[in-house]
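First up is the structure itself, then whatever we jot down about it.
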Amino acid sequence: MSVILVFLLVIAGFAGWWLSHQRLMAKPWLEQGMAGDFVGFDRSALPTAKIGLGVFLAVVGCLFSLFTSAYFMRMGLPDWQPLPLPRLLWLNTGVLVLSSVALQCAVIAARRGQTDMVRLGLATAGLTALAFLAGQLMAWRQLTEDGYLLASNPANSFFYLITAMHGLHILGGLIGLGRTSASAWNGARPQRLSLSVELCAMYWHFLLFVWLCIFAVLAGWAATFIDICRKLLT
């Protein structure tokens, strides 16, 4: 239960940070400017697409928090035998970070109207995301060749399940990234393209955050941190 609460608190912090950048709590009637400016503010302050994506990410965060909680509860039983963490996961993590950075650069370029840089950022993000998925498959293959099969131990099953769920969300993000890339190459309107790129970046940053949490759990760092917190509270 404590794991779920910690994860949800982090998700809430992420959501609060995001909302603070959307001016949700702004009071336009107290701001100076023309009436036409207020109308423009109402239309663009918090697009429906961002609200929908925020709700979806909250649901995804709850899903992964439940998986994480089940992982910690199951690892307390005697038959739990943790599998070694492949070193390739470190490289995969760096690749996913690079993918997220590339999308953030695309967001900045879209706001400045630099279409060529947007295309470069989107292409880099897509290629690095594919490289991340390929690296995850290679890590799976390495583990199976070493005898760490799916059904041989509960720890193995959780590893494959959690990483597979994260990989599926990456694949879903690649679909949206592909549509945004097509819009960038087909000369979409700057405002529409900027919003699409921001949505992709928001989704990618969240998946990076989830993967860092998963990586910490699989490496055992999260369990150590929770034990320290429990000792401090007691």
Side-chain angles (χ1 to χ4, degrees), residues 14 53 56-57 59-61 63-65 67-68 71 81-110 116-185 196-222:
F14 181 86
L53 181 58
F56 174 75
L57 294 183
V59 174
V60 173
L63 174 65
F64 278 102
S65 68
F67 277 123
T68 304
Y71 181 94
Q81 297 178 2
L83 73 170
L85 201 65
R87 294 183 178 180
L88 184 59
L89 293 185
W90 287 92
L91 177 60
N92 295 346
T93 302
V95 170
L96 190 59
V97 170
L98 179 60
S99 184
S100 185
V101 170
L103 267 178
Q104 185 60 36
C105 292
V107 170
I108 297 174
D116 291 337
M117 293 301 298
V118 172
R119 294 171 180 172
L120 178 60
L122 293 175
T124 303
L127 291 175
T128 48
L130 290 174
F132 172 80
L133 293 177
Q136 295 294 81
L137 292 176
M138 291 175 63
W140 281 15
R141 181 176 180 181
Q142 178 182 343
L143 288 173
T144 54
E145 289 178 350
D146 293 340
Y148 297 97
L149 303 178
L150 175 65
S152 59
N153 187 267
N156 302 354
S157 302
F158 269 97
F159 175 86
Y160 290 116
L161 175 62
I162 294 176
T163 54
M165 286 294 298
H166 183 266
L168 287 176
H169 284 84
I170 291 286
L171 282 175
L174 281 172
I175 297 175
L177 184 61
R179 296 182 60 181
T180 301
S181 300
S183 299
W185 260 270
S196 298
V197 174
E198 287 182 11
L199 293 174
C200 288
M202 179 181 170
Y203 184 80
W204 235 250
H205 296 339
F206 180 80
L207 287 184
L208 173 62
F209 164 75
V210 170
W211 171 249
L212 293 177
C213 293
I214 292 174
F215 191 75
V217 169
L218 297 176
W221 304 331

Of all heavy-atom pairs between [X] and [Y], which one has the smallest distance, and what is that distance?
{"X": "Q81", "Y": "N156", "result": "O-OD1, 4.4 Å"}
{"X": "T163", "Y": "W140", "result": "OG1-NE1, 3.1 Å"}
{"X": "A125", "Y": "A102", "result": "N-CB, 3.9 Å"}
{"X": "L122", "Y": "A184", "result": "CD1-CB, 3.9 Å"}
{"X": "A155", "Y": "L83", "result": "O-CD2, 3.9 Å"}
{"X": "P84", "Y": "L143", "result": "O-CD2, 3.7 Å"}

What do the steps show when you test N92 against F215 for side-chain contact (heavy atoms from CB on, under 4.5 Å), and what is the final call?
-> CA-CA 11 Å; N92 295 346; F215 191 75; over 6 Å; no
Side-chain donor-acceptor distances from residues 164-182 under 3.5 Å, at least two apart:
residue: H166; atom: NE2; partner: L207; partner atom: O; Å: 3.0
residue: H169; atom: ND1; partner: M165; partner atom: O; Å: 2.7
residue: T180; atom: OG1; partner: G176; partner atom: O; Å: 3.0
residue: S181; atom: OG; partner: L177; partner atom: O; Å: 2.8

Which value, rounded to the nearest 0.5 Å, describes the distance between [X] atom [atom1] and [Y] atom [atom2]?
{"X": "C200", "Y": "H205", "atom1": "SG", "atom2": "NE2", "value": "10.5 Å"}
{"X": "F67", "Y": "I162", "atom1": "CZ", "atom2": "CD1", "value": "7.5 Å"}
{"X": "L208", "Y": "F132", "atom1": "CG", "atom2": "CZ", "value": "9.0 Å"}
{"X": "F64", "Y": "Y71", "atom1": "CZ", "atom2": "OH", "value": "14.5 Å"}
{"X": "L96", "Y": "L133", "atom1": "CG", "atom2": "CG", "value": "9.0 Å"}
{"X": "L53", "Y": "E198", "atom1": "CG", "atom2": "CD", "value": "11.5 Å"}

Would F206 and M202 count as a side-chain contact (heavy atoms from CB on, under 4.5 Å) if you check the C-alpha gap in whole Å, the side-chain angles of each, and the deciding distance to 0.1 Å?
-> CA-CA 6 Å; F206 180 80; M202 179 181 170; 6.0 Å; no
Chi angles and distances behind the side-chain contact (heavy atoms from CB on, under 4.5 Å) call for Y148, F159 = CA-CA 10 Å; Y148 297 97; F159 175 86; over 6 Å; no
For T144 and L149, indicate whether the former's side chain and the latter's backbone hold a donor-acceptor pair under 3.5 Å.
-> no
Are the side chain of T93 and the backbone N or O of L89 linked by a donor-acceptor pair below 3.5 Å?
-> yes
Side chains of L88 and L91: does their closest heavy-atom pair fall under 4.5 Å?
-> yes
